[in-house]
Amino acid sequence: MRGFWACAMLAAMTSTAMTNVASAQVSDDAVRIGVLTDLSSWGRDNSGPGSVEAAKMAVEEFGPTVLGKPIEIISADHQMKTDVGVQIVRGWFDNGKVDAVVDIPNSGIAIAVHNMVRERGKIALLSGPGASSLTDELCSPNTVHFTYDTYALSKVTASAVIKEGGKSWYFITADYAFGQQLEKDATRFVNEMGGKVLGGVKHPTNTADFSSFALQAQSSKSDVVAFANAGQDTDNAIKQSGEFGLAQGGQKLVGLLMFDTDVHAIGLKAAQGTYMTTASYWAMDEATRAWSKKFYERTKVMPTMIQTGVYGSVLHYLKAIKAAGTDDSAKVMAKMRELPIEDIFVHGGKLREDGRVIRDMYLAKVKTPEQSKEPWDYLDIVKTVKGEDAFRPVSESKCPLLKK
């Protein structure tokens, strides 16, 4: 009789183990993550090769496999062209068996891929684009907007600058989806806080000569000149505005989207005193310092918030696959919403139903050359803004996923 019960228990344990193995399902015997980024254009320094390395660092931290299957990172250059980006992703889905697309700096390309992901039942882990419409009227159950958006950047930065007396604003804006959305969101907060927009000018992306735009901003006599652009456009615009003496003339320069790499390119002398909002900073604590130094060894630059967001989004995605026991997109998205977001740079983050990750944001001010004590010591974190206060509240959302 004892032998009978021992055999029965062994059979039950074997059956349970086989059931667990069967339930752990990974399509095509691998989890493939495609990093769609800018490797050759004006956003290269803020995302680009660094985003690819950040994704690899997430895999190394998690482990080389998930549910017993290998994790593969592939990458491609969208060249800041929507048709190129869409063609790459279509090929990844049709022939490359890619499960999730990561990064995508450029809101126009991101919106196109975001729509394709929803149609194909895949997942988009967006760290590079900023358009807040991705989790508002365009929201999708398949998209994670992990790092920042135009709503949070505008709200946090405008609040601080207006409190310091910057009441009248003039915009120098990149003429595409991201820049237009950033100016729109910033204008709203300027008006709500008692400020006034005196005007603005739009420029094509990848512009080298900002002299005429800087002169128009100077002649507006606004308190604030706000740059609603990104990458090398921001670098060139702020540098040339400095050359024309806008700051010396009393106008505040505000980078509505700036990164550590932008400050590095512009230099502390020209960028000092500029306000910016960021989702991460390499020198926040010992853990961020240690991770960032590893990143620096591989890339020779300190990480931007886009790159730390790529790392965090990939890590959270892999944790969700493990918890779900499958890479099925719907089940993984459910787990991503259920699990708290914890990594080196995000603590207690939460993925909302509209795809917006609610996480703390930081108001920063660029240091003077005298204040900088070591290489890449560029930012003074002035204030921590809780995610609930930084991002669009549910009460203002147009996303139908939040109305359920």
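All residue numbers in this chain count up from 1 along the given sequence.
Electrostatic pairing of Lys319 and Glu342 does not count as a salt bridge here, judged by no charged N lying under 4.0 Å from a carboxylate O. A salt bridge between Arg392 and Asp136 is present, with a side-chain N of the basic residue lying under 4.0 Å from a carboxylate O of the acidic one. Classification of Asp38 and Arg44 as a salt-bridged pair fails, no side-chain N sitting under 4.0 Å from a carboxylate O.
A cation-pi arrangement is present between Lys122 and Phe93, with the terminal nitrogen or guanidinium carbon under 6.0 Å from the aromatic centre and inside a 45° cone about the axis. Within the cation-pi definition used here (under 6.0 Å to the ring centroid, within 45° of the axis), Arg356 qualifies as a partner of Phe391.
For the pair Tyr148/Leu153, a side-chain contact is recorded, criterion being any heavy-atom separation below 4.5 Å from C-beta on.
The aromatic ring centroids of Trp282 and Tyr296 lie 6.0 Å or more from each other.
By the side chain to side chain donor-acceptor pair (under 3.5 Å) test, Glu72 pairs with Arg32, sequence neighbours left out.
A distance of 7.0 Å separates SG in Cys139 from NE2 in His114, rounded to the nearest 0.5 Å.
At distances below 3.5 Å, at least one donor-acceptor pair connects side-chain atoms of Gln240 with backbone N or O atoms of Phe210. Under the 3.5 Å distance criterion, the side-chain polar atoms of His203 are left unmatched by any main-chain donor or acceptor of Phe213. In this structure, Ser222 contributes its side chain and Trp169 its backbone to no donor-acceptor pair below 3.5 Å. Judged by distance alone, with hydrogens and angles left aside, the side-chain atoms of Asp28 form no donor-acceptor pair with the main-chain N or O of Ala30 at under 3.5 Å. The backbone N or O of Ala174 lies less than 3.5 Å from no partner atom in the side chain of Asn229, so there is not a single donor-acceptor pair.
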* Criterion side chain to side chain contact (heavy atoms under 4.5 Å, CB included) on Lys196 and Lys167, from CA distance to verdict -> CA-CA 6 Å; Lys196 183 179 181 181; Lys167 297 291 186 180; over 6 Å; no
* Criterion side chain to side chain contact (heavy atoms under 4.5 Å, CB included) on Thr135 and Cys399, from CA distance to verdict -> CA-CA 7 Å; Thr135 55; Cys399 175; over 6 Å; no
* Asked: Can Glu388 and Ile358 be said to form a side chain to side chain contact (heavy atoms under 4.5 Å, CB included), step by step?
  -> CA-CA 7 Å; Glu388 294 79 6; Ile358 305 301; 4.2 Å; yes
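At most 12 non-hydrogen atoms from other residues, nucleotides or ligands lie less than 6.0 angstrom from NZ of Lys184. The environment of CD in Glu286 is sparse: at most 12 heavy-atom neighbours from other residues, nucleotides or ligands sit within 6.0 Å. In the displayed structure, Lys350 atom NZ is contacted under 6.0 Å by more than 12 heavy atoms of other residues, nucleotides or ligands.
Sequence neighbours left out, the pairs with a member in residues 50-63 that pass side-chain hydrogen bond (donor to acceptor under 3.5 Å, both in side chains) are Ser51-Asp103, Glu53-Arg298, Glu60-Arg298, Glu61-Tyr311.
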